[in-house]
Amino acid sequence: MTTHAPQAAHTVTLPGSLDEAVAALAAMPAAVPVAGGTDLMAAVNSGLLRPAGLVGLGRISEIRGWQYQDGHALLGAGLTHARMGRPDFAALIPALAAAARAAGPPQIRNAGTLGGNIASAAPTGDALPVLAALEATLIIAGPGGSRREIPVGHLLTGYEMLAPGELIGYVRVPLLHAPQTFLKATGRTGPGRATASVAVVLDPARRGVRCAVGAVAPMPLRPLDAERWVASLIDWDGERTLAPEACAAFGEYVAAACIPDPAPAPDGGEPGTLPPAALHLRRTVATLARRALGRALA
């Protein structure tokens with residue numbers, strides 16, 4: 001019997017700009033970009049990943065902040081969860097700040113980055129349902145100083161992928177100046193990976209409600225019919241309140257859309273029933289959606 005330790009990276013490059021990082025990746029196609037490393041190093045330590053090289057993004061100051069731009073917030077992919085959890089950022093994008101504060105213990109929040117959360121695309125990524133509900137777009141940096149934009153949902157669903165040598169540089173988020181909430185459930189007390197999460201965003205300009213559910217599928221789910229239904233019940237010109245029964249019905253609508261009943265049998269027989277674990281998850285999603293909507297309308 002023999003054991004094999006994870007192979008160490010042969011080359012480590014520390015570029016000082018986004019374009020230098022893209023050039024380094026183009027020169028080393030087998031290299032892996034790394035910022036906080038919270039997911040990458042876990043994969044390396046478990047033997048699942050053996051990168052031939054690393055391109056460190058920690059010295060690229062241009063992607064570690066945020067700025068206003070034409071009614072949007074332009075967020076650098078290097079923003080840490082700890083930075084997004086601060087009060088000034090929370091006043092700008094409350095739901096994303098709440099997700100950042102829930103991302104894990106302090107050591108994870110201090111290291112983990114927004115771009116890493118997106119690029120890893122783990123189903124339990126706390127920022128992902130918020131970005132889906134906000135309909136954020138990604139600014140992708142490519143070779144030769146090129147930039148292109150894609151909706152965040154396109155990357156998370158695999159509809160569009162990063163080409164070799166491309167990096168997520170920025171995230172453009174519309175500033176709605178309206179209530180928004182993020183809630184998550186974990187399998188234990190305190191910070192932990194989500195078993196389910198829900199982001200709810202009000203969009204008064206469009207008289208709409210946006211909702212995204214995370215952790216229950218490989219990518220965030222948007223229950224569009226439930227969004228349209230509940231938006232039609234809200235008095236957008238008045239106090240924007242709903243009866244508790246309507247909020248509860250919204251929660252059930254969202255949960256049933258994201259965790260549907262089994263399809264009928266091919267022979268026309270009765271449809272099966274969800275297993276107990278799935279029923280419990282559906283109840284969890286319903287509770288989170290009901291509470292998130294209630295808090296957004298409060």
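Predicted, not measured: the structure shown is a model, and the values here were computed from it.
Heavy atoms of other residues, nucleotides or ligands lying less than 6.0 angstrom from CZ of R64 number 12 at most. Enclosure of atom NE2 in H280 is not indicated, since only 12 or fewer non-hydrogen atoms of other residues, nucleotides or ligands lie within 6.0 angstrom.
Looking only at side-chain heavy atoms (C-beta outward), M84 and W66 stay at 4.5 Å or farther from each other. Residues V254 and V198 are not in side-chain contact: their nearest non-hydrogen atoms beyond the backbone lie 4.5 Å or more apart. L155 is listed as a side-chain neighbour of L162, based on a closest heavy-atom distance under 4.5 Å.
For L274, the side-chain contact (heavy atoms from CB on, under 4.5 Å) partners two or more places apart in sequence, or in a different chain, are I259, D261, P262, A278, L279, R282.
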Solution key, residues 237-253 side-chain donor-acceptor pairs under 3.5 Å, sequence neighbours excluded:
{"residue": "D237", "atom": "OD1", "partner": "R207", "partner atom": "NH2", "Å": "2.7"}
{"residue": "D237", "atom": "OD2", "partner": "R207", "partner atom": "NH2", "Å": "3.1"}

When the side chains of residues 97-107 are checked against the rest of the protein, which donor-acceptor pairs come out under 3.5 Å, sequence neighbours left out?
{"residue": "R101", "atom": "NH1", "partner": "G85", "partner atom": "O", "Å": "3.1"}

Report the C-alpha distance between E160 and R148 in whole Å, list the side-chain angles of each, state the deciding distance to 0.1 Å, and finish with yes or no for salt bridge (Lys or Arg N to Asp or Glu O under 4.0 Å).
-> CA-CA 12 Å; E160 291 188 69; R148 67 185 180 99; 3.5 Å; yes
D126 and H81: side-chain contact (heavy atoms from CB on, under 4.5 Å), yes or no, with the steps?
-> CA-CA 10 Å; D126 292 315; H81 298 303; over 6 Å; no
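Using a 4.0 Å cut-off between a side-chain N of Lys or Arg and a carboxylate O of Asp or Glu, E135 and R206 qualify as a salt bridge.
Atoms CZ and CG, from R86 and L92 in turn, are 14.5 Å apart once rounded to the nearest 0.5 Å. Within the model, atoms CG of L25 and CG of L57 stand 7.5 Å from one another, a figure rounded to the nearest 0.5 Å.
V32 and P51 get closest at one heavy-atom pair: CG2-CB, 3.7 Å. Minimum interatomic distance between G145 and D19 (heavy atoms only, all atoms of both residues): CA-OD1, 3.7 Å.
Residue L134 is tested with V173, V171, D203, L175 for a side-chain contact (heavy atoms from CB on, under 4.5 Å); the sole match is V173.
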